[in-house]
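Quick notes on the structure that follows.
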Amino acid sequence: MNILGIETSCDETAAAVVTDGVKMHSNVIASQVDIHAAFGGVVPEVAARSHIEKMLPVIEEAITGPGMRWDDIDGIAVTAGPGLLGSLLIGVMTAKTLAEVKNKPLYSINHVVAHTYANFLIEHKPSFPLLSLSVSGGHSHLLLFQDYLDYRLLGQTLDDAAGEAFDKVAKILGLPYPGGPSVGKAALDGNPNAYKLPKANLGKDSLDFSFSGLKTAVLRTAQEAVGADFKLPSTEIAAKLKPQQINDIAASFQKTAVETLVDKLEQAYLKFQPASVVIAGGVAASPALRAAVSERLPVEMHYAPMELCTDNAAMIAAMGYHHAKASLAVDPADLQVDSSLAI
Ligand code: KG4
Ligand code: ZN
């Protein structure tokens with residue numbers, strides 16, 4: 001069964017064709033990173049306009065690239081939320097229209113849950129029960145899957161998402177957007193023990209995360225490092241920091257953020273004893289997070305390639321296949337976007 005996946009929840013316009021939830025024929029991603037980098041973050045209006053321009057050519061390429069035609073497509077899966085409202089609308093309106101015009105069943109997909117499905121597109125498939133740490137710019141969730149569509153939320157961030165913390169720290173340090181890769185790069189030349197930063201303590205049984213205290217601690221540390229007090233605006237710090245201070249703060253922040261994530265992942269592993277563990281979402285592209293997970297967890301880890309960790313439509317198509325198998329098609333006339341769609 002060939003499913004066309006469509007993804008426009010944030011700043012990537014993406015389409016992909018996947019067979020039976022495991023075999024990827026195409027994974028086309030038109031990234032807007034260069035457009036938004038000038039603003040230091042995603043500008044929702046700009047993102048929506050760019051999706052309008054790129055959506056149809058991206059879908060066309062996803063189908064014709066591997067030599068397929070519309071007749072080969074058995075269903076359409078689209079991200080209905082969570083994400084930026086204007087961005088989501090472009091993908092959902094396109095998918096609804098195509099489902100009607102091409103007479104294909106339509107499947108409504110939760111972006112956050114779908115991130116985990118990237119791990120079924122690699123050679124080593126995870127088995128159930130499956131523990132997933134899904135961490136990106138918009139969310140940080142620990143999920144336990146008993147089966148493909150039988151999952152529950154074990155814990156989540158109470159404030160900032162992990163990727164959001166990377167992005168905000170990058171801004172304070174004057175490093176380019178997106179913050180995850182640029183903080184990771186600076187950290188390579190920094191001392192992770194140069195600054196002692198706090199890990200949120202939410203109680204020993206909690207599987208929730210918190211990153212806002214860490215972000216504030218980075219701000220105070222950077223202000224102190226340049227000899228200023230807390231009144232110095234965050235936008236004026238970077239120019240006063242020495243390159244080594246930037247690298248040291250980046251390394252100290254990254255170490256603390258990664259430990260925060262891996263502490264909870266390990267705690268959930270010990271509690272639920274899953275057969276497999278995966279990490280998913282943009283932050284799962286972090287080499288530092290991967291190294292820490294492999295070191296701390298007594299389970300063999302297999303990581304999806306970077307382009308399947310960050311936003312893509314192959315993960316949407318992979319999850320769409322399981323919606324198709326479970327006969328979960330939705331009526332195109334009824335499908336609505338939900339920018340804060342829950343798990
Ligand atoms: O999943 P994703 O592409 O989009 C959302 O659904 O949010 O994740 C984007 C986030 C950004 O915050 C970015 O800084 C972070 O993932 N990210 C990384 C890395 N690559 C992307 N964080 C840490 N290390 C990376 N190498
Ligand atoms: Zn995402």
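What's counted below: heavy atoms across the whole structure, side chains too, no hydrogens, waters or symmetry copies. One is the number of the first residue; the rest follow in order along the sequence. In each ligand, atom 1 is the first atom listed, and ligand 1 is the first ligand listed.
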Worksheet item: Which of the numbered atoms in ligand 1 are below 4.0 angstrom from a heavy atom of H111?
Response: 6 (O)
Discussion item. Quick check on G179 - does any of its heavy atoms sit under 4.0 Å from an atom of ligand 1?
Written reply: yes
Worksheet item: Quick one: which of Y151, Y148, F272 gives a ring pair (Phe, Tyr, Trp, His ring centres under 6.0 Å) with F128?
Response: Y148
Worksheet item: With a 3.5 Å cut-off and no angle check, do the side chains of S140 and T157 form a donor-acceptor pair?
Response: no
Discussion item. What verdict does the side chain to side chain contact (heavy atoms under 4.5 Å, CB included) test give for L131 and F145, after you've listed the backbone C-alpha separation in whole Å, the side-chain angles of each residue and the deciding distance to 0.1 Å?
Written reply: CA-CA 6 Å; L131 176 64; F145 287 74; over 6 Å; no
Item to complete: List the steps, then state whether ring-ring contact (aromatic ring centres under 6.0 Å, His included) holds for H322 with Y107.
Response: CA-CA 10 Å; H322 295 281; Y107 305 101; over 10 Å; no
Discussion item. Please list, in number order, the atoms of ligand 1 under 4.0 Å from a heavy atom of G163.
Written reply: 12 (O)
Fill in: Which residues share a side chain to side chain contact (heavy atoms under 4.5 Å, CB included) with V42, sequence neighbours left out
C10, D11, H36, A47, L84, Y177
Fill in: Nearest option to atom 13 (C) of ligand 1, as decided by whichever heavy atom of D167, V42, V169 sits closest
D167
Discussion item. I'd like to check which ligand 1 atoms, numbered from 1 as shown, lie under 4.0 Å from a non-hydrogen atom of T310.
Written reply: 3 (O)
Worksheet item: What protein heavy atom is closest to atom 2 (P) of ligand 1, reported as residue, atom name and distance in Å?
Response: D311 OD1, 3.3 Å
Worksheet item: What about I249 and I172, same hydrophobic cluster or not, with Ile/Leu/Val/Met/Phe/Trp/Tyr joined at side-chain heavy-atom distances under 4.5 Å?
Response: yes
Worksheet item: Within the structure, does P178 bring an N/O atom to less than 3.5 angstrom of an N/O atom in ligand 1?
Response: no
Worksheet item: Does F166 reach ligand 1 with a nitrogen or oxygen that is under 3.5 Å from one of the ligand's nitrogen or oxygen atoms?
Response: no
Item to complete: Check the angle between the aromatic planes of F253 and F166 and answer parallel, tilted or perpendicular using the 30° and 60° thresholds.
Response: perpendicular
Practice prompt. Give every protein N, O or S atom lying under 2.8 Å from the Zn ion (ligand 2), naming each by residue and atom.
Written response: H111 NE2, H115 NE2, D311 OD1
Worksheet item: Non-hydrogen atoms of E12 versus ligand 1: any pair closer than 4.0 Å?
Response: no
Fill in: Backbone of I90 reached by a side-chain donor or acceptor of T8 within 3.5 Å
no
Response to the item:
Nearest non-hydrogen contact to atom 23 (C) of ligand 1 from the set A280, G180, A285 belongs to G180
Discussion item. Is it the case that ligand 1 has an N or O less than 3.5 angstrom from some N or O of H139?
Written reply: no
Worksheet item: Taking it one step at a time, do T13 and Q32 satisfy side chain to side chain contact (heavy atoms under 4.5 Å, CB included)?
Response: CA-CA 8 Å; T13 316; Q32 303 174 8; 3.8 Å; yes
Worksheet item: Which of the atoms in ligand 1, numbered in the order shown and given with their element, are less than 4.0 Å from a heavy-atom of G138?
Response: 7 (O)
Response to the item:
At under 4.0 Å between heavy atoms, what of H115 touches ligand 1? The answer is side chain
Fill in: Nearest-neighbour protein heavy atom for atom 24 (N) of ligand 1, which is reported as residue plus atom name and distance
S286 CB, 3.2 Å
Worksheet item: Does a donor on one side chain sit under 3.5 Å from an acceptor on the other, for S134 and H141?
Response: no
Worksheet item: Shortest non-hydrogen contact from A251 to N191?
Response: CB-C, 3.8 Å
Practice prompt. Scan side-chain atoms only and decide if H139 and Q156 contain a donor-acceptor pair under the 3.5 Å cut-off.
Written response: no
Item to complete: Can you figure out which of G282, P287, A284 has its heavy atom closest to atom 16 (O) of ligand 1?
Response: G282
Worksheet item: Is the closest side-chain donor-acceptor distance between S210 and D159 under 3.5 Å?
Response: yes
Item to complete: Using a strict cut-off of 4.0 Å, indicate which atoms of ligand 1 neighbour a heavy atom of G137.
Response: 5 (C), 7 (O), 8 (O), 9 (C), 10 (C), 12 (O)
Practice prompt. Examine S136 against ligand 1 and note whether any of their N/O atoms are separated by less than 3.5 Å.
Written response: yes
Item to complete: Taking atom types as modelled, find out whether E7 and S9 have a side-chain donor-acceptor pair closer than 3.5 angstrom.
Response: yes
